[in-house]
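Owing to the predicted nature of the structure, the values given are computational and were not obtained by experimental measurement. Order of the sequence lines fixes the chain letters, A, B, ..., with proteins taken first and strands second; residue numbering starts at 1 for each chain.
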2 protein chains.
Amino acid sequence: MNTQAPVTVHGFSPSGNCHKVRLLLEHLGRPFRWIETRSDQGATHTPDFLALNPNGKVPVLVRDDGAVLTESNAMLCWLADGTQYLPADAWARAQALSWMFFEQYSHEPFVAVARFIAGWTPLDSPRRADLPRLRERSHGALAVMERHLSTHAWFTGERYGVADIALFAYTDVAPHGGVSLEPYPAIRAWLGRVRATPGFVEMVGLDAEAAERVARTA
Amino acid sequence: MNTQAPVTVHGFSPSGNCHKVRLLLEHLGRPFRWIETRSDQGATHTPDFLALNPNGKVPVLVRDDGAVLTESNAMLCWLADGTQYLPADAWARAQALSWMFFEQYSHEPFVAVARFIAGWTPLDSPRRADLPRLRERSHGALAVMERHLSTHAWFTGERYGVADIALFAYTDVAPHGGVSLEPYPAIRAWLGRVRATPGFVEMVGLDAEAAERVARTA
């Protein structure tokens with residue numbers, strides 16, 4: 001069981017993986033300190049940061065005793081343990097985990113990467129050649145979600161929780177990467193249900209530079 | 001808590017993701033039925049299979065009441081729940097989950113995909129152009145593991161468990177993809193410790209066709 005001691009999160013606010021952790025902390029009303037870490041400007045590859053996470057990624061969570069946890073979805077499970085956001089039943093918990101592994105393997109590498117390329121790489125970046133393939137794979141993931149939501153209200157068993165938080169983060173901003181949510185009425189209704197949960201906070205909007213790039217991305 | 005009722009696993013035996021589940025079932029001495037599913041020959045994209053897992057991937061676990069679980073690492077957590085293979089402490093469990101998300105995001109997409117391309121695509125496949133990049137990223141993941149193992153015996157807290165099983169599967173066969181383990185003495189020692197655990201079973205070897213392709217891959 002985790003305690004209610006304050007935690008520190010090293011995160012980049014426009015990153016969905018980082019926003020997941022902030023969103024759950026806000027739902028829980030748990031005190032936290034946020035250290036803004038510009039992963040888009042190399043801040044996750046300094047010697048100090050690599051000492052914290054040798055894998056060079058945000059978010060990183062640090063407990064008040066200095067113990068470190070990496071991987072956003074592992075943080076969600078730890079923070080939610082013993083709360084309504086993580087099912088107590090082992091089978092329901094496994095289903096939530098299944099969606100969280102789906103998110104990291106079959107969703108984020110396409111939906112989040114398309115958004116990153118659109119918003120954070122130069123307009124002449126050779127990585128932009130990947131966008132059509134990334135968008136196609138993104139639609140594959142969204143179709144799997146749409147199908148689930150045609151018969152279920154949530155991804156975390158009977159109620160809103162960790163798997164919904166994990167999937168909300170990048171699904172909600174998929175259009176930044178040129179991935180329209182228009183074909184997915186069940187997903188759009190679910191995004192609205194997530195927004196109506198107690199303690200919900202929006203991710204920060206794109207800054208002017210990222211917004212300009214997104215607008216100019218075909 | 002899961003019960004000891006038999007489960008059915010739809011899996012492709014040379015797949016590391018599938019072998020993970022078989023390995024834990026053998027450790028647990030839990031009865032299971034294995035349905036060989038040739039994902040390399042399209043068996044995961046038939047209408048029947050997609051009805052089981054709309055994401056079109058093995059392994060798929062089916063309980064004797066018909067309930068379905070996807071995602072290999074979620075299966076490991078469910079099967080291990082309440083056993084020595086999953087830590088009872090929430091922080092230790094979160095650390096194990098962190099390594100399992102690392103495996104699916106920062107390890108498998110490089111180590112497993114390099115192996116798949118080497119063993120299961122034609123020698124003139126255009127995908128082979130990806131091998132240098134995949135190998136470079138594989139070495140990045142292995143370096144993170146090596147660093148952890150320089151001060152820890154296992155990835156699942158104080159003892160062998162789910163995160164070790166998840167990481168063992170593709171690390172052990174990384175050389176099939178042209179990713180040498182020679183630079184990683186701590187990883188090689190850990191592979192040996194995994195092999196010495198009670199109930200350990202080897203993954204099936206490559207068939208003649210895959211072995212021939214691997215041998216002819218530069």
Do the non-hydrogen side-chain atoms of B:Lys57 and A:Ser106 ever get within less than 4.5 Å of each other? yes
Name the orientation class of the two ring planes belonging to B:Trp91 and A:Trp78 (parallel below 30°, tilted from 30 to 60°, perpendicular beyond 60°). perpendicular
Please find the pair of heavy atoms, one from B:Ala94 and one from A:Ala74, that lie closest to each other, and give the distance. O-CB, 3.5 Å
Heavy-atom pair with the smallest gap, counting every atom of B:Arg147 and A:Pro54: NE-CG, 3.4 Å
Which heavy atom of B:Asp81 sits nearest a heavy atom of A:Ala90, and at what distance? OD2-CB, 3.6 Å
Are A:Ser98 and B:Met75 side-chain neighbours, meaning at least one heavy-atom pair lies under 4.5 Å? no
Roughly how far, to the nearest 0.5 Å, is CE of A:Met100 from CG of B:Asn73? 12.5 Å
Is A:Arg137 atom CZ crowded by more than 12 heavy atoms from other residues, nucleotides or ligands, each under 6.0 Å away? no
Just checking A:Glu26: does its CD atom have more than 12 heavy atoms from other residues, nucleotides or ligands closer to it than 6.0 angstrom? yes
Taking the side chain as every heavy atom from C-beta outward, state whether B:Phe102 and A:Asn55 have any atom pair closer than 4.5 Å. yes
Counting only heavy atoms from other residues, nucleotides and ligands, does the tally under 6.0 Å from CD of B:Glu36 exceed 12? yes
A:Ala67, part contacting chain B, at a heavy-atom distance under 4.5 Å: both
Quick check on the 6.0 Å ring-centre criterion: do A:Tyr105 and B:Tyr105 meet it? no
Can you measure from CG (B:Leu97) to CD (A:Glu71) and round to the nearest 0.5 angstrom? 10.0 Å
If we define contacts as heavy-atom pairs under 4.5 Å, which of B:Leu69, B:Thr70, B:Val144 has the most with chain A? B:Leu69
Heavy-atom distance under 4.5 Å to chain B: side chain of A:Leu50, backbone, both or neither? backbone
Counting only heavy atoms not in A:Arg193 (residues, nucleotides, ligands), do more than 12 fall under 6.0 Å from its CZ? yes
